[in-house]
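Note sheet for the following structure.
Chain letters run A, B, ... following the sequence lines, proteins first and then strands; every chain starts at 1. Every value quoted in this text rests on a predicted model; they were computed, and no experiment measured them. Note that these values count all heavy atoms, side chains included, but never hydrogens, waters or copies made by symmetry.
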Protein chains: 2
Amino acid sequence: MSEKRTELQTLAQAIVQRSGVRALSFRQLAEQTGVKSASVHYYFPEKHDLTAALIAGYSEAFAQRLAAIAEKPVSLTRKLSAFADLFEEAAQDDKLCLCGMLAAEISSLDEHSRALLRGFFEHAEAWLVRIMERHADEWRSPLPPSRLAAVLMSGLEGALLLDRVHATGDHLKAQRQFINAFAAGKAF
Amino acid sequence: MSEKRTELQTLAQAIVQRSGVRALSFRQLAEQTGVKSASVHYYFPEKHDLTAALIAGYSEAFAQRLAAIAEKPVSLTRKLSAFADLFEEAAQDDKLCLCGMLAAEISSLDEHSRALLRGFFEHAEAWLVRIMERHADEWRSPLPPSRLAAVLMSGLEGALLLDRVHATGDHLKAQRQFINAFAAGKAF
DNA sequence: GTCTATAGGCAGATAGAC
DNA sequence: GTCTATCTGCCTATAGAC
């Protein structure tokens with residue numbers, strides 16, 4: 001993988017996380033990396049090639065972070081808190097989760113990118129389910145793990161979204177409080 | 001308020017809820033309502049005028065629905081379920097909440113529209129807090145009402161987002177289960 | 001109110017030289 | 001790999017006739 005390609009992809013990812021795919025242009029990408037737009041087309045012939053590469057790269061990095069969290073010998077609380085940290089990082093940079101942003105823009109994605117997007121969310125929720133099952137003695141709830149995973153994931157993606165509007169970070173904080181109470185077995 | 005203006009605004013709202021402001025064009029709007037794009041500019045001189053009108057209109061309609069729910073003499077469960085119904089309606093039409101979509105696209109909004117957006121979410125969450133306080137005997141939680149309102153709102157907006165990716169509606173269903181358990185005083 | 005016509009800009013994409 | 005040059009198409013916005 002060439003360095004220029006990586007540089008382009010990194011920049012493109014940041015732009016999408018902040019403003020969306022529709023705001024991402026070959027020209028802007030070229031200007032900000034010191035090449036011409038034709039050169040960007042050399043690495044990513046069409047825009048959907050770039051989009052797909054973005055989702056694939058993001059998914060892989062995310063999966064690695066999840067794997068690292070899973071193998072640590074810590075409590076459920078700490079694992080879920082580390083999970084929330086991944087979202088916090090994006091929020092700090094005024095970004096959404098790449099895949100959350102693309103979910104909003106799904107009408108402008110091709111079928112291949114949509115499939116990759118599905119993969120991202122399936123993997124993340126499956127990870128949450130596995131973690132909850134492994135720490136089954138640390139929590140209780142009237143909902144099954146798969147439902148809880150959906151609640152957690154929706155909550156975090158939604159919090160990222162709403163915290164762009166009020167810059168206080170309150171929604172992510174509320175999610176963390178909720179997660180902590182849950183993972184401490186206090187309720188739900 | 002002229003009929004044509006209303007027609008344009010209704011169509012524009014649907015387009016934004018499905019594809020976002022960046023996908024909304026004067027030309028498309030004109031074609032689908034049988035006029036020319038110059039005529040659309042007659043009603044909404046610049047695009048940010050249209051965007052602002054969209055948010056204001058949506059906020060007002062939403063507020064009216066909330067007021068109607070609040071005054072019904074029913075349980076917390078039923079009120080929160082009616083609240084969730086508002087999101088379900090959007091999901092059925094493959095739409096996001098207008099303001100959720102615009103939150104993702106906040107970088108392309110002017111300051112006036114951003115202020116209107118803040119107003120929407122503040123109002124919705126204040127409504128949730130008021131409802132929870134009025135039904136204080138029907139639920140319990142380690143979190144204060146304002147935090148719970150943030151959790152609920154994030155969860156529903158996020159569920160709408162994630163359910164566009166897998167078309168199963170699972171995330172909204174999970175939110176409803178969560179809300180029911182909460183409002184039944186079962187937990188959290 | 002609605003139109004025609006058009007300005008001016010930016011988008012994605014490609015051909016072909018180096 | 002990177003460039004220049006260019007095509008085609010869509011965008012917002014405006015001037016001015018009817």
Q) Roughly, in whole Å, what's the span from NE2 in A:H41 to P in D:dT6? A) 17 Å
Q. Between atom CG in A:L8 and atom C1' in D:dG1, what is the gap in whole Å?
A. 12 Å
Q.
Looking at A:K36, I'd like to know whether one of its side-chain N or O atoms comes within less than 4.0 Å of OP1 or OP2 on D:dT2.
A. no
**Q.** Note: A:K79-A:E138 ion pair, threshold 4.0 Å (strictly below)
**A.** no
Q. Are A:E46 and A:H41 close enough that a side-chain donor and a side-chain acceptor fall under 3.5 Å?
A. no
Q: Provide, to the nearest angstrom, the distance between the CZ atom belonging to B:F44 and the P atom belonging to C:dG1.
A: 13 Å
**Q.** Aromatic contact, B:F26 with B:Y43 (centres under 6.0 Å)
**A.** no
Q.
Can you identify which nucleotide, out of C:dA13, D:dA13, C:dA5, has its nearest atom closest to the A:K47 side chain?
A. C:dA13
Q. Starting at CG of B:L29 and ending at C1' of D:dC11, how long is that distance when rounded to a whole Å?
A. 13 Å
**Q.** Proximity to the side chain of B:S25 - top-ranked nucleotide from D:dT12, D:dT2, C:dA5
**A.** D:dT12
Q. Charged N to carboxylate O below 4.0 Å: is that the case for A:R130 and A:E71?
A. no
Q: Look at all strands and tell whether B:L24 reaches a base, only sugar-phosphate, or nothing, counting heavy atoms closer than 4.0 Å.
A: sugar-phosphate
Q) Rounded to whole angstroms, how far apart are CZ on B:F26 and P on C:dT6? A) 21 Å
Q: Select from B:K4 and B:S37 the residue whose nearest nucleotide in DNA chain C is closer to the 5' end of that strand.
A: B:K4
Q | Distance-only polar pair, side chains of B:H171 and A:E125, donor-acceptor under 3.5 Å | A | yes
(Q) If I take atom CD in residue B:E31 and atom P in nucleotide D:dT12, what distance separates them, rounded to the nearest angstrom? (A) 12 Å
Q. Just checking A:Y42: base, sugar-phosphate only, or nothing, at a heavy-atom cut-off of under 4.0 Å?
A. base
(Q) OP1 or OP2 of D:dC11 versus the side-chain N and O atoms of B:R27: is any pair under 4.0 Å? (A) yes
**Q.** Interatomic distance where CZ belongs to B:R22 and C1' belongs to C:dC10 [whole Å]
**A.** 12 Å
Q: Counting heavy atoms from C-beta on, name the nucleotide in D:dT2, D:dT14, C:dA13 closest to the side chain of A:S39.
A: D:dT2
